[in-house]
Amino acid sequence: MSDQEFRDYWLNHHGPLVKSVAETLQAKKYVQSHTIDSPLNGVAQAPRMSKTPYDGITEVWWESHDALAAIVQTPEAQEALGTLVQDEAKFCDLPNCSVFLTEEHLSLIH
């Protein structure tokens, strides 16, 4: 699919699907960050010899790691996650995607 079709599907189909199961998954926040076409990408990539950027990043927030670990054990959450993965397979190259958990460390810049 084209970049525009991808972004449209992600935003207007998958996003609402995530919202529909967010309560079941006890997700607190869902963010889609779509990559933009900018010469600044090259400025950031060149000195790092970075790869081409992904099409975007999704963030899903939970209360805590323990809360997520508990909820994913439930049959309802497993069904919801299965639904999301099936939909993701329609617009994502899943074997080439990266999924990982992070822990936020906030540093203020003045």
Original post:
To the nearest 0.5 Å, what is the distance between OG1 (Thr58) and CH2 (Trp10)?
Top reply: 4.0 Å
Original post:
Where is the tightest heavy-atom contact between Lys28 and Glu63, given as atom of each residue plus distance?
Top reply: CE-OE1, 3.4 Å
Subject >> Between CD1 on residue Ile71 and CD on residue Gln73, distance to nearest 0.5 Å >> reply: 10.0 Å
Subject >> Other residues, nucleotides, ligands: >12 heavy atoms within 6.0 Å of Asp93 CG >> reply: yes
Original post:
Which one of Tyr9, Phe91, Phe6 satisfies the ring-ring contact (aromatic ring centres under 6.0 Å, His included) criterion with His14?
Top reply: Phe91
Original post:
Does the side chain of Asp87 come under 3.5 Å of the side chain of His13 through a donor N or O and an acceptor N or O?
Top reply: yes
Subject >> Co-membership, hydrophobic cluster, residues Val72 and Val21, 4.5 Å side-chain >> reply: yes
Original post:
So do Gln32 and Leu11 actually touch side chain to side chain, heavy atoms under 4.5 Å?
Top reply: yes
Subject >> Shortest non-hydrogen contact from Ala27 toward Val60 >> reply: CB-CG1, 3.8 Å
Original post:
Is it true that a side-chain atom of Thr83 and a backbone atom of Glu79 form a donor plus acceptor pair closer than 3.5 Å?
Top reply: yes
**OP:** Take Tyr54 and Cys97 through the test side-chain contact (heavy atoms from CB on, under 4.5 Å) and record every step on the way to the result.
**Re:** CA-CA 8 Å; Tyr54 288 114; Cys97 289; 5.9 Å; no
**OP:** Look up atom CG in Leu68 and atom CD in Gln26, then write down how far apart they are to the nearest 0.5 Å.
**Re:** 9.5 Å
**OP:** Side-chain contact test, heavy atoms from C-beta onward, threshold under 4.5 Å: evaluate it for His65 versus Leu101 and give yes or no.
**Re:** yes
Original post:
What is the distance from atom CG of Leu81 to atom CD of Glu76, rounded to the nearest 0.5 Å?
Top reply: 11.5 Å
Original post:
OG1/Thr24 to CD/Gln78 distance, rounded to the nearest 0.5 angstrom?
Top reply: 12.5 Å
Original post:
Looking at Ala44 and Pro47, what are the two nearest heavy atoms and their distance?
Top reply: O-CD, 3.8 Å
Original post:
How many angstroms lie between OG in Ser2 and CZ in Arg7, if you round to the nearest 0.5 Å?
Top reply: 9.0 Å
**OP:** Report whether Tyr30 and Leu25 are members of the same hydrophobic cluster (ILVMFWY, side-chain heavy atoms less than 4.5 Å apart, transitive linking).
**Re:** yes
Original post:
Got a donor-acceptor contact below 3.5 angstrom from the Asn41 side chain to the Ile36 backbone?
Top reply: yes
**OP:** Over all heavy atoms of both residues, which pair between Val31 and Ser33 is shortest? Give the atoms and the distance, please.
**Re:** CG1-OG, 3.9 Å
